[in-house]
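Contents: one structure, followed by commentary.
Hydrogens, waters and symmetry mates are skipped; everything else that's a heavy atom, side chains included, is used.
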Amino acid sequence: MNAQRYLGLAADARPHTLLDHVLLRQQLKNDAELSRALQLAPSSLSKIRHGRTGVSAELMLRVHEVFEIPIAELKRLDAIHQQYLQRHPQGA
């Protein structure tokens, strides 16, 4: 599945669109690989996935630097995540 089609499907269905997009775009198998690549504790990604925390500016910058994903693209994905959290205040 290509990234653009995935974004269309994920916009309403997933609270963690940004993480899933990075996994797909970078062809990573799971959050463990993503956390190693970003040098980030797996628990930090878990908190984002379960709606207990948002995506920090620091994390967004790290994703940009490690994977060379444009900041504008990351901001768009984070906006999808924030919209989901607003519609579902209890998280995922």
Side-chain angles (χ1 to χ4, degrees):
M1 178 182 312
N2 71 31
Q4 290 299 330
R5 181 165 180 261
Y6 175 79
L7 284 177
L9 294 173
D12 291 321
R14 301 268 174 102
H16 35 73
T17 305
L18 187 141
L19 297 180
D20 288 342
H21 177 72
V22 174
L23 287 172
L24 179 69
R25 190 177 198 264
Q26 299 307 127
Q27 299 180 353
L28 299 173
K29 293 180 185 177
N30 52 41
D31 282 352
E33 283 189 3
L34 181 59
S35 68
R36 282 191 294 274
L38 295 173
Q39 298 178 353
L40 186 68
S43 62
S44 296
L45 297 181
S46 178
K47 288 177 184 175
I48 294 168
R49 286 219 178 264
H50 293 97
R52 291 191 297 269
T53 188
V55 177
S56 69
E58 180 183 352
L59 176 57
M60 205 175 291
L61 185 57
R62 188 175 299 176
V63 170
H64 165 71
E65 290 172 344
V66 171
F67 299 120
E68 298 180 357
I69 299 174
I71 293 289
E73 183 176 337
L74 296 174
K75 286 174 67 175
R76 186 175 65 250
L77 293 166
D78 187 53
I80 293 169
H81 176 80
Q82 294 304 319
Q83 289 172 355
Y84 180 93
L85 291 178
Q86 288 174 357
R87 290 191 313 261
H88 303 89
Q90 302 300 335

Can I get a per-line list of side-chain donor-acceptor pairs under 3.5 Å for residues 35-46, giving both atom names and the distance, sequence neighbours left out?
unit_1: Ser35; atom_1: OG; unit_2: Asp31; atom_2: O; d: 3.3
unit_1: Ser35; atom_1: OG; unit_2: Ala32; atom_2: O; d: 2.9
unit_1: Ser46; atom_1: OG; unit_2: His50; atom_2: ND1; d: 3.3

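Smallest separation of non-hydrogen atoms from Arg25 and Pro70: NH2-CD, 4.1 Å. Heavy-atom minimum distance, Glu33 versus Leu28: OE1-CA, 3.4 Å.
In this structure, the side chains of Leu61 and Leu74 stay at 4.5 Å or more apart for every pair of heavy atoms. Using a 4.5 Å heavy-atom cutoff, the side chains of Lys29 and Leu34 are not in contact.
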Dump the intermediate steps for side chain to side chain contact (heavy atoms under 4.5 Å, CB included) on Leu59 and Ile48, then the final yes or no.
-> CA-CA 11 Å; Leu59 176 57; Ile48 294 168; 3.4 Å; yes

Might you work through the side chain to side chain contact (heavy atoms under 4.5 Å, CB included) test for Met60 and Val55, ending with a clear yes or no?
-> CA-CA 7 Å; Met60 205 175 291; Val55 177; 4.2 Å; yes

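Side-chain polar atoms of His21 and Glu73 form a donor-acceptor pair below 3.5 angstrom.
If you run side chain to side chain contact (heavy atoms under 4.5 Å, CB included) between Val22 and each of Leu19, Leu18, Leu24, only Leu18 comes through.
Judged as a side-chain hydrogen bond (donor to acceptor under 3.5 Å, both in side chains), and not counting sequence neighbours, the contacts of Glu58 are Arg62.
The existence of a salt bridge linking Asp20 and Arg49 is confirmed by a sub-4.0 Å separation between a basic side-chain nitrogen and an acidic carboxylate oxygen.
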